[in-house]
Amino acid sequence: MEGAKNEIKRKSIEERQQMDELSRIRHSCAHVLATAVLRIWPDAKLDIGPPTDEGFYYDFDLEHRFTPEDFERIEAEMKKVVKENQTFDYSEKSRKEAKEYYQSINQPFKLERIDDIPESEKITFYKNGEFLDLCAGPHVPRTGNVKAFKLLRLAAAYYRGNEKNPQLQRIYGTAFKNKTQLKEWLEAQEEAKKRDHRKIGREQGLFTLSSTVGQGLVLWMPKGGIVRTELQNFMQSELLKRGYSPVFTPHIGSIELYKKSGHFPYYKDSQYPTIKADEEEEYLLKPMNCPHHIEIYAAEKHSYRELPIRLAEFGAVYRYEQSGELSGMTRVRGLTQDDAHVFCTPEQVETEIRDTVDLTLKTLRTLGLNDYRAQVSLRDPNSDKYTGDPANWDAAEETLGRVASDMNIAHEKAPGEAAFYGPKLDFMVKDCLGREWQLGTVQLDYNLPERFNLQYIGPDNTPHRPVMIHRAPFGSFERFMGILIEHFAGNFPLWLAPEQVRVLPITDLQNDYAQKIYSELKVAGIRANIDLSGEKIAAKIRSAETAKVHHMFIVGKKEIESESVSIRVHGKGDQGAKSVSEAISTLKIDISGRIL
RNA sequence: GCCCUUGUAGCUCAGUCGGUAGAGCGCGUCCUUGGUAAGGACGAGGUCACCGGUUCAAACCCGGUCAAGGGCUCCA
């Protein structure tokens, strides 16, 4: 499981000419920013300033450390530049002239960037006012066209995105066509923050993080535990329908196991230190489940008649992610994957891939997560970090791409994003702040069976090599839960709701009747509570609404007389009265149907 | 890991010029018996993240540590 990269790919001149108006405004605004910064700090060294999905940024290197207090000053200067209504003037220089220019004004990053431009392309510049910038364009005609902008935040960014290079100071900002759109966007951002799973998780008592327990180690609280259990039950029932066999393996494994699997050298940087039992024995907290499952497969001799063998486990794994990367439930150090490994014959690969993809799609559909992006993650042809026969890689990459196309899954190819042992079909979903996370994944692997010398006996009575499919429809319970909290804004559908029904007697006189209904709900297997506080009904309702309780059964004098309950649904208000038995049976149907 | 920001009650946050803490919500007790989003009274609750320094005196100033947040890099 992993996040996505945000690198800016170099665009051709043709692609740039296609840039839409908003991107032109943002790109031009980045130039306005650089103009302003240079006016205030003339010795700032500039790198690049492209538009992004939500705005733009510009990278600087200078002695002065930007602080958020500088924003006011910089924005004021930017407003002046806009007011001056400078034209953006295009010009070209020869490679030699361009280099001499940047040498003369001492702009080392710009100088180096010139070498990125292919020999076949022109070296182009745009000038607004006193600021001349190496730039492929395009721009709006004048700085006055930049009508609404705001600087957002500061960040450090490594030059050329490489950790070994110096860190530059990045200023992020955004710009829109007009002030109204800017205001709307800012308000939408505020709204989105209310959905943040970390905020809702705390408010609703779903999970917590304790620095005493450790960074990135999620503690599922009782209510979160209910949601997780329901998700797990759903997945378990799917697995059984689809012929998976549950297995269980321990949380640690001998370091020899990971050396054999090849994980060890790749994983070294992001694992907890090994556990030394004595001089001889060394163990690793398991960073993945595959080697354990492989040993289960390898424990017995298999005939082709038994295949495919599908070993499934909700397996806890531990990864020592960099501290700065940790985030709520979406990026953690201890996680539980809804993992399984399918061992099959080469002929069965396609059918098995189809079924795993089908399960992943069903999972997303069941939760109403329809806004996802699929990606076929391929190896980087220029890297040597991948193990195994290139012919197998080609076959595996081709199969995944073809299955995705056959199943009408819109997808793009992502070179360099494959696992070291094989290509993947990944399903990505965005969180409330627009960051993209990988959830479900299907990975095709010809290499681990090779490394572990796995076999099955074929119809020809000779040993053959099985193929492995790694797959996790949720990805991990932690990340999936984080995304799900935001997707539902904490308002879980009935089948997942930690508290499905709360019985609210109007006065103490109805407490006995309320208790009776509460018992019936419990007997029916419905997660119910009862509010026996001395509050007025309006206060009880408010308390249930803020707790996002799915159904409220309100009972007073009238309900006792007619053996009924008044039903109120969270966020939907009064739904009228129903007989007790009818109310309960409707709930049971909706719960077992997992309706959204 | 690196850069920037932040850390006061369970939560959200005040706290002036340095004189050892406040509010609202929540929680507890009591009063109120009320028909679809807040009835009232009283009360409990804090080593001001932690460690050190400056000072007669530190929530406040300085240094360090830890954690959280926003990015970058990494990511099986």
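So that the names make sense, note that chain A is the first sequence line, chain B the second, and so on, each numbered from 1.
For A:Lys572, the side-chain contact (heavy atoms from CB on, under 4.5 Å) criterion is met by A:Val569, A:Gln575, not counting sequence neighbours. Applying the side-chain contact (heavy atoms from CB on, under 4.5 Å) rule to A:Ser543 yields the partners A:Arg502; only residues at least two apart in sequence or on another chain are considered.
Distances from the side chain of A:Tyr158 to the nucleotides B:C72, B:G35, B:U36 place B:C72 closest.
With hydrogens and angles left out, the side-chain atoms of A:His470 and A:Asp445 include a donor and acceptor closer than 3.5 Å.
Residue contacts shown for A:Ser566 include a base, since a base heavy atom lies under 4.0 Å away. Nucleic acid contact for A:Tyr172: sugar-phosphate only, since backbone atoms but no base atoms lie under 4.0 Å from a heavy atom of the residue. No contact: A:Lys164 has no heavy atom under 4.0 Å from any strand.
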Within the sub-3.5 Å range, which N or O atoms of nucleotides 3-11 of chain B have a protein N or O partner, and how far apart are they?
from : atom 1 : to       : atom 2 : distance (Å)
B:C3 : O4'    : A:Gln167 : OE1    : 2.8

Assign a letter to each nucleotide of nucleotides 60-66 of chain B from its 5' end: B, base within under 4.0 Å of a protein heavy atom; S, sugar-phosphate only; -, no contact.
-------

If a protein heavy atom is under 4.0 Å from the base, mark B; if only from the sugar-phosphate, S; if neither, -; do that for nucleotides 39-52 of chain B going 5' to 3'.
B-------------

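Aromatic rings from A:Tyr297 and A:Phe343 are positioned such that their centres are separated by under 6.0 Å.
Stem regions annotated for RNA chain B: B:1-7 with B:66-72, B:10-13 with B:22-25, B:27-31 with B:39-43, B:49-53 with B:61-65, counting only runs of 3 or more consecutive pairs of Watson-Crick or G-U type with both contacts under 3.5 Å.
Judged by atom type and distance alone, A:Arg170 does not reach the base of B:C72 through any side-chain donor-acceptor pair under 3.5 Å.
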